2 protein chains.
Amino acid sequence: MVVRRKNKVALPPEVCPLRQCMSILGGAWTPNIIWYLSGRPRRFSELRADIGEISAKVLTVRLRRLEASGVVHREVMPTSPPTVEYRLSELGQELKPAIAAIVDVGHRLKKISAKKNVPGGLRT
Amino acid sequence: MVVRRKNKVALPPEVCPLRQCMSILGGAWTPNIIWYLSGRPRRFSELRADIGEISAKVLTVRLRRLEASGVVHREVMPTSPPTVEYRLSELGQELKPAIAAIVDVGHRLKKISAKKNVPGGLRT
DNA sequence: GTACGTGGTTTCCTTTTGGTAACCGCAAAA
DNA sequence: TTTTGCGGTTACCAAAAGGAAACCACGTAC
């Protein structure tokens with residue numbers, strides 16, 4: 001019995017742009033984080049307060065992932081107690097139009113669902 | 001002991017537009033479905049083939065939810081075997097710019113991650 | 001010494017999600 | 001009569017996600 005190479009040569013991933021981008025935007029609160037950071041840099045506790053319902057754990061996980069994907073920059077300031085500032089990287093800035101578009105649709109959805117008396121439409 | 005009315009008068013939901021919109025776009029494959037439907041109306045089996053990896057169950061659930069939220073219109077055609085056509089409603093059309101913006105970022109992410117040799121960035 | 005604030009981490013738990021596979025009803029075709 | 005295609009539905013299951021609460025290190029303030 002001989003070990004053979006597979007017939008298919010592991011066809012290149014050919015990532016779908018939509019999935020590519022959604023893999024960054026996915027997960028609870030991620031768009032909100034980007035939204036707030038698009039305003040100005042923020043500290044951990046600021047983001048926590050801004051978003052309100054997010055847990056520390058999830059916020060940590062999100063920020064770590066965004067950092068790993070190059071969307072967010074993390075900087076420790078030499079203060080005491082040390083504060084940490086998060087801001088959108090150059091790459092992160094590219095997401096702003098997408099987030100803005102989503103927010104924009106959100107506004108229109110609100111108007112429409114108000115007209116139609118669909119109480120809030122779908123909620124999470 | 002007297003039953004009292006609550007102090008807070010059930011403050012209005014005050015839905016965040018971002019969450020509002022993401023509650024529609026959320027869930028695996030949803031943006032892809034909208035993307036394909038934004039091209040032209042499609043049948044169930046077409047969408048299934050277009051997206052490829054989606055299961056019938058999830059596709060059903062997504063379409064039902066999109067229909068319920070008024071984004072997608074479902075029409076049964078009087079053919080045999082009966083075919084069902086899905087298309088974006090007027091409200092669904094509003095989502096096109098947002099999806100387009102996301103796709104656009106996806107393209108740029110691809111270029112950047114190619115440059116940086118981050119192999120695909122984050123995958124789902 | 002003790003408490004406090006910052007920015008987390010860790011553990012545990014419940015809920016949600018999404019996939020697989022089997023099944024279904026109908027009408028037409030073979 | 002059996003099969004085929006369409007458009008699903010259902011039951012079951014494993015994995016992932018996300019929340020709560022406890023914990024942690026560090027330097028400063030009291």
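Lettering of chains follows the sequences in order, A, B, ..., and the numbering in each one begins at 1. Since the structure is predicted, the reported quantities are computational estimates derived from the model, not experimental observations.
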Hey, what do you get for CD (Q20(B)) to NE2 (H107(A)), rounding to the nearest 0.5 Å?
10.5 Å
Is there a path from F44(A) to V76(A) through hydrophobic residues (I, L, V, M, F, W, Y) whose side chains come within less than 4.5 Å of each other?
yes
Can V61(A) be reached from I54(A) by stepping across I, L, V, M, F, W or Y side chains whose heavy atoms are under 4.5 Å apart?
no
Measuring to OP1 and OP2 of dG19(D), would you say a side-chain N or O of S55(A) lies under 4.0 angstrom away?
yes
State whether R74(B) places a side-chain N or O below 4.0 Å from either non-bridging phosphate oxygen (OP1 or OP2) of dG7(D).
no
How is T60(B) classified with respect to the nucleic acid when contacts are heavy atoms under 4.0 Å: base, sugar-phosphate, or nothing?
base
Rounding to a whole Å, what distance do you find between [X]:[atom1] and [N]:[atom2]?
X      : N       : atom1 : atom2 : result
R62(B) : dT16(C) : CZ    : C1'   : 11 Å
K57(A) : dA16(D) : NZ    : C1'   : 10 Å
L59(B) : dT17(C) : CG    : P     : 17 Å
R64(A) : dT10(C) : CZ    : P     : 11 Å
Y86(B) : dC6(D)  : OH    : C1'   : 11 Å
L63(B) : dC6(D)  : CG    : P     : 16 Å
E53(A) : dG18(D) : CD    : P     : 14 Å
M22(A) : dG18(C) : CE    : P     : 11 Å

Could you tabulate the donor-acceptor pairs under 3.5 Å formed by side-chain atoms of residues 30-39 of chain B, not counting sequence neighbours?
residue, atom, partner, partner atom, Å
T30(B), OG1, G26(B), O, 2.8
T30(B), OG1, G27(B), O, 2.9
T30(B), OG1, R62(B), NE, 3.2
Y36(B), OH, D50(B), O, 3.4
S38(B), OG, W35(B), O, 2.6

Going by heavy atoms closer than 4.0 Å, what residues in residues 27-52 of chain A are next to DNA chain C?
R43(A), F44(A), S45(A)
Any heavy-atom pair between the side chains of W29(B) and E53(B) that's under 4.5 Å?
yes
Give the minimum heavy-atom separation between A101(A) and A101(B), together with the two atoms involved.
CB-CB, 4.2 Å
Might you confirm whether atom CD of E75(B) has over 12 heavy atoms from other residues, nucleotides or ligands at distances under 6.0 Å?
yes
If you check every side-chain atom of A56(A), which of dT6(C), dT9(C), dG27(D) has the closest atom?
dT9(C)
